[in-house]
Amino acid sequence: MSDFKPGLEGVVAFETEIAEPDKEGGSLRYRGVDIEELVGHVSFCPVWGLLVDNAFSPGLPPAEPLDLPVSTGDVRVDAQSGVAALGARWGLRPLLDISDEQAREDVGRACAQLLAIIATSARGADVPAVPQHYVDEAKTAAEAFLIRWRGEPDPRHVKALDAYWVSAAEHGMNASTFTARVIASTGADVGAALSGAIGALSGPLHGGAPARVLYMIEEVERSGDAEGYVKSVLDRHGRLMGFGHRVYRAEDPRARVLRRTAKELGAPRYEVALALETAALAELRARRPDRVLETNVEFWAAIMLDFAQVPADITPAMFTCARTAGWAAHIMEQKRTGRLIRPSARYIGPAPRPVRDVQGAAEIIDGDA
């Protein structure tokens, strides 16, 4: 057995053609294409196609008309349970029993429906649904999403959401993507794989940081002193959200493209965010010169989603929408490998022993006797 590495960090478990995070160069490429060339230039629907099919067309299909499968008032719960229910509602068959072509149709259909479920849940069960013909008039997936959610979206909000989705569409073997691949490797249907990925995303360590960045922005707005705020947080051994990354040893390229987009769109909090970022980087470099702690995607994602008027409690659902592309691509890639994912664990428990050595055994065994 190879050397044990907690959390499997650095362990190569797959070969993939989907995405290449360049940790030293601070770049991210989707099937060889740098996201610098995609964000703001190619919308999410064809980028979904690039990741899944290695081609922009046909991309992500439009969602079908729906009634919300589950309505709890919690967008994440509605999304996870709703997409899981698609297997029964649509009669989706296990990946093990269908062709690659059928799997591709299923995964596109399910991802499109997942976006529609999230938008409908965010709108609320008590609010009348937007007529389907208005949704059908949308030119992009982000526009259709915001129409379904709000009715008449601001075009700038559409651009902001689209930029965020493209930048966050795929990022290698993170927790949710690994979960999707594990479930797909069992031969389960695509709804089960997507639902499991959403479950992995529900933890605050994966995908929830943008909401926590906004708290820092609000504190700096109140005080007007970015440098003072940063020093106070670090002096009390607090954590600055949105800085440092387990993959990159340079600036997170997704932060770079979202910063650029926030400036282009005139996001109202751009200047205060820039002041906080500048102060944080300077203080982190001064205090921790031995560590690379650059801006990560969550920092500028918070500004973009705030600009698009996405409430903090729904920001993880926006990440879910974006990551459908990466999940779908990995589900398809895993199906083609046809191999069950079955890592090993090293046993470090008690040595062989008789049952009477287990605490409480005397009472149980004597009592049965």
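- For the atom pair Leu28 CG and Glu170 CD, the distance stands at 8.0 Å (nearest 0.5 Å).
- For the 3.5 Å distance criterion, the side chains of Ser176 and Asn174 qualify, holding a donor opposite an acceptor.
- Counting heavy atoms of neighbouring residues, nucleotides and ligands inside a 6.0 Å radius, atom CZ of Arg222 exceeds 12 of them.
- Put simply, the side chain of Glu333 gets close to the backbone of Glu17: a donor and an acceptor are under 3.5 Å apart.
- Under 4.0 Å is where a charged nitrogen must lie from a carboxylate oxygen, and between Lys263 and Glu271 no such pair does.
- Screening Leu38, Asp162, Val39 against Ser167 for a side-chain contact (heavy atoms from CB on, under 4.5 Å) leaves a single residue, Val39.
- The other residues sharing a hydrophobic cluster with Val130 are Tyr134, Val135, Ile147, where clustering joins ILVMFWY side chains under 4.5 Å apart.
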Test log, rule side chain to side chain contact (heavy atoms under 4.5 Å, CB included), inputs Thr120 and Trp149: CA-CA 6 Å; Thr120 303; Trp149 180 8; over 6 Å; no

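- Salt bridge present: Arg259 and Glu251 bring a charged side-chain N and a carboxylate O closer than 4.0 Å.
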Mind running side chain to side chain contact (heavy atoms under 4.5 Å, CB included) on Leu234 and Arg288 for me, showing each step along the way? CA-CA 11 Å; Leu234 296 178; Arg288 303 170 187 175; 4.1 Å; yes

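- Shown here for Leu281 and Leu293, the closest heavy-atom pair between the two residues is CD2-O, 3.5 Å.
- Cation-pi geometry between Arg156 and Phe307 is not met at under 6.0 angstrom from the ring centre and within 45 degrees of the axis.
- Of the possible donor and acceptor atoms, none in the side chain of Ser195 sits under 3.5 Å from a partner among the backbone N and O of Ala192.
- Cluster membership for Val127 and Val70, using ILVMFWY side-chain heavy atoms within less than 4.5 angstrom, is not shared.
- Side-chain contact between Arg323 and Leu201: absent, with no pair of heavy atoms (C-beta onward) separated by less than 4.5 Å.
- With values rounded to the nearest 0.5 angstrom, Arg109 atom CZ is found 8.0 Å from Leu86 atom CG.
- Between the side chain of Asp78 and the backbone N or O of Ser121 there is no donor-acceptor pair closer than 3.5 Å.
- Ile117 places a side-chain heavy atom less than 4.5 Å from the side chain of Pro69.
- Here the side chains of Asp306 and Arg269 are in contact, with some heavy-atom distance below 4.5 Å.
- We find that Glu20 and Arg31 are not joined by a salt bridge, their nearest charged nitrogen and carboxylate oxygen being 4.0 Å or further apart.
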Report all side-chain donor-acceptor pairs from residues 45-54 shorter than 3.5 Å, counting only partners two or more places apart or in another chain.
from  : atom 1 : to     : atom 2 : distance (Å)
Asp53 : OD1    : Arg104 : NE     : 2.8
Asp53 : OD2    : Arg104 : NE     : 3.1
Asp53 : OD2    : Arg104 : NH2    : 2.9

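- Grouping the Ile, Leu, Val, Met, Phe, Trp and Tyr side chains by contacts below 4.5 angstrom, directly or via other members, places Val272 with Val233.
- Other residues, nucleotides and ligands contribute only 12 or fewer heavy atoms inside 6.0 Å of the CD atom of Glu227.
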Between Arg212 and Glu298, does the salt bridge (charged side-chain N to carboxylate O under 4.0 Å, His left out) criterion hold? Intermediate values first, please. CA-CA 9 Å; Arg212 302 183 180 211; Glu298 310 290 6; over 6 Å; no

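- Val220 and Tyr215 fall within a single hydrophobic cluster, where Ile, Leu, Val, Met, Phe, Trp and Tyr are joined by side-chain heavy atoms under 4.5 Å apart, directly or via other members.
- Between Ile98 and the options Asp106, Asp189, Val190, a side-chain contact (heavy atoms from CB on, under 4.5 Å) holds for only Asp106.
- Side-chain contact check for Leu60 versus Leu115: some heavy-atom pair is nearer than 4.5 Å.
- Residues satisfying the salt bridge (Lys or Arg N to Asp or Glu O under 4.0 Å) criterion with Asp100, sequence neighbours excluded, are Lys335, Arg336.
- Side chain of Thr186 to main chain of Ile183: a donor-acceptor pair is present (N/O by atom type, distance under 3.5 Å, no hydrogens or angles).
- Put simply, the side chain of Leu161 does not reach to within 4.5 Å of the side chain of His157, judged on heavy atoms.
- Ring pair Phe243/Phe299 is tilted by interplanar angle, where 30° to 60° counts as tilted.
- Classified by interplanar angle (parallel below 30°, tilted 30° to 60°, perpendicular above 60°), the ring pair Trp300/Tyr270 is tilted.
- Taking 4.5 Å as the limit, every side-chain heavy atom of Val107 sits out of range of all side-chain heavy atoms of Trp327.
- For Gln80, the side-chain hydrogen bond (donor to acceptor under 3.5 Å, both in side chains) partners two or more places apart in sequence, or in a different chain, are Arg76.
- In terms of modelled atom types and a separation under 3.5 Å, the side chain of Thr177 and the main chain of Met173 share no donor-acceptor contact.
- With hydrogens and angles disregarded, a donor-acceptor distance shorter than 3.5 Å links the side chain of Asp225 to the backbone of Gly228.
- For Asp97, the CG atom sits in a packed shell: over 12 heavy atoms of surrounding residues, nucleotides or ligands are nearer than 6.0 Å.
- Remark: Asp235 pairs with Arg287 by the salt bridge (Lys or Arg N to Asp or Glu O under 4.0 Å) rule, at least two apart or across chains.
- Take Arg353 and apply the salt bridge (Lys or Arg N to Asp or Glu O under 4.0 Å) test, not counting sequence neighbours, and it matches no residue.
- The cluster map of Ile, Leu, Val, Met, Phe, Trp and Tyr, joined by side-chain heavy atoms under 4.5 Å apart, puts Val77 and Ile118 in different clusters.
- Side-chain contact between Ser232 and Tyr229 is present, with at least one heavy-atom pair separated by less than 4.5 Å.
- Transitive grouping of hydrophobic side chains (ILVMFWY, heavy atoms separated by less than 4.5 Å) brings Phe56 and Ile35 into a common cluster.
- With no hydrogens or angles considered, no side-chain donor-acceptor pair links Thr261 and Glu264 at under 3.5 Å.
- In this structure, Thr320 contributes its side chain and Pro316 its backbone to a donor-acceptor pair below 3.5 Å.
- Under the 3.5 Å distance criterion, the side-chain polar atoms of Glu219 are left unmatched by any main-chain donor or acceptor of Glu221.
- Looking at heavy atoms from C-beta onward, Arg181 lies out of side-chain contact with Ile331 at the 4.5 angstrom threshold.
- Remark: Trp165 CH2 to Met318 CE distance equals 7.0 Å, nearest 0.5 Å.
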